[in-house]
Amino acid sequence: MEKNVAGRSRTLLPRSFFDRDPRQVSPELLGKVIVRKDGRSGRAGRIVEVEAYLGADDGAAHSAAGRTARNQVIFGPPGHAYIYFIYGVYYCLNISCLPEGEAGCLLIRALEPIAGTEEMAEARGLDNADLHSVRGLRSLASGPGKLCEALGITRERDNGKDLLSPRSDLIVADDGYVVSEIGVTPRIGITKSAEMPLRYIAAGNPFVSGKIKMGTR
DNA sequence: TTATAGATTGCCT
DNA sequence: GGCAATCTATAAT
């Protein structure tokens with residue numbers, strides 16, 4: 001048991017949490033915390049946006065065509081990191097679900113930064129970000145590619161890592177925070193099975209990905 | 001404020 | 001060879 005900056009006690013999630021259907025895990029994962037343990041205080045962000053990817057009957061899932069060298073983590077035991085490289089530019093972080101042999105995962109799409117924001121800005125190459133404004137904080141991790149850059153997540157470093165082990169430098173934790181209202185929408189950026197409502201968001205949270213609605217001012 | 005193009009790698013057909 | 005679970009800069013309105 002360790003303490004975060006807000007003084008809330010933080011515990012690792014049990015393996016059984018991810019040993020379920022991704023659609024069941026998704027809404028409960030909102031509000032949990034991703035922690036990168038390096039440097040002095042480490043970096044941490046609260047999960048505010050998640051997408052579920054299924055095994056069969058989901059053409060958008062990387063596991064749709066069966067097990068390959070690239071997607072094997074999705075078929076492995078629950079609670080492990082599946083990282084893929086996209087558009088030749090960014091990495092994306094997923095967490096495997098369901099028991100060994102069954103495909104299913106969650107794409108982490110956005111974080112609300114809660115610790116190590118200066119390190120995150122540095123990792124993102126944002127030297128002049130105003131880390132006291134929502135706008136500046138939002139620029140750190142409001143998207144799957146951005147959050148990986150902010151936390152230094154790469155395929156080489158983190159793919160296959162156990163996110164539920166106290167010895168890992170990348171973990172998912174529960175600090176007791178509860179998301180009050182959960183929204184469900186279709187997933188972003190896919191062409192196959194694009195209509196399925198499998199994107200879960202903390203409704204009203206400004207750190208969810210996408211453009212900010214700016215009224216005229 | 002919205003729209004569009006381009007970057008750039010590795011995986012699968 | 002084609003294309004992908006993204007993001008940013010730049011241009012047009």
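From a predicted model like this one, the values you see are computed outputs, not experimental measurements. Throughout, protein chains are lettered first and strands after them, A, B, ... in sequence-line order, and every chain is numbered starting at 1.
- Here the side chains of A/Asn94 and A/Tyr84 are in contact, with some heavy-atom distance below 4.5 Å.
- Atom-to-atom, NZ of A/Lys192 to P of C/dA4 comes out at 7 Å; the value is rounded to the nearest Å.
- A/Phe85 and A/Tyr91 have tilted rings, their planes meeting at an angle from 30° to 60° on a 0 to 90° scale.
- Under the 6.0 Å distance and 45° angle rule, A/Arg46 does not count as a cation-pi partner of A/Phe207.
- Remark: ring of A/Tyr84 not stacked against base of C/dA5; the cut-offs of centroid gap under 5.5 Å and plane tilt under 30° are not jointly satisfied.
- In the set B/dT13, C/dA4, C/dT6, the nucleotide with an atom closest to the side chain of A/Pro144 is C/dT6.
- Distance CG (A/Leu54) to C1' (C/dA5): 13 Å, rounded to an integer number of Å.
- Using C1' as the reference atom, C/dA5 and B/dA3 are 22 Å apart when rounded to the nearest Å.
- Within 4.0 Å (heavy atoms only), A/Arg187 reaches no atom of the nucleic acid at all.
- Note on A/Gly88: a base of the nucleic acid sits closer than 4.0 angstrom, heavy atoms only.
- The shortest distance between the side-chain N/O atoms of A/Thr68 and the OP1/OP2 oxygens of B/dC12 is below 4.0 Å.
- The nearest whole Å value for the distance from the CG atom in A/Leu107 to the P atom in C/dA5 is 10 Å.
- Rounding to whole angstrom units, CD of residue A/Glu49 and C1' of C/dA5 are separated by 11 Å.
- Closest to the side chain of A/Asn94, from the set C/dA5, B/dT13, C/dT6, is C/dA5.
- When both distances must be under 3.5 Å, the Watson-Crick or G-U wobble mate of B/dT8 does not exist.
- If you measure from atom CZ of A/Arg124 to atom P of C/dT6, you get 14 Å, rounded to the nearest angstrom.
- Residues A/Ser63 and A/Tyr53 form no side-chain contact, since every pair of their non-hydrogen atoms from C-beta on lies 4.5 Å or further apart.
- Rounded to whole Å, atom P of C/dA5 lies 11 Å from atom CZ of A/Arg109.
- A donor-acceptor contact shorter than 3.5 Å links the side chain of A/Arg138 to the backbone of A/Val208.
- Nucleic acid contact class of A/Phe85 (heavy atoms, under 4.0 Å, all strands): sugar-phosphate only.
- In the set B/dC11, C/dA5, B/dT8, the nucleotide with an atom closest to the side chain of A/Val89 is B/dT8.
- The nucleotide C/dA5 finds no pairing partner, because no Watson-Crick or G-U wobble arrangement with both distances shorter than 3.5 Å includes it.
- Of the charged side-chain nitrogens involved, at least one lies within less than 4.0 Å of a carboxylate oxygen, so that A/Asp169 and A/Lys161 count as a salt-bridged pair.
- Annotation: of the two residues near DNA chain B, A/Tyr90 and A/Arg155, the 5′-most nearest-nucleotide partner is A/Tyr90.
- Look at NZ on A/Lys146: it is 5 Å from P on C/dT8, rounded to the nearest Å.
- Comparing the C1' positions of B/dG10 and C/dT8 gives an interatomic distance of 22 Å, to the nearest angstrom.
- Note: CD1 (A/Ile83) to C1' (B/dT9) measures 16 Å, nearest angstrom.
- Out of B/dC12, C/dA5, B/dA7, the shortest distance to the side chain of A/Ile190 is found at C/dA5.
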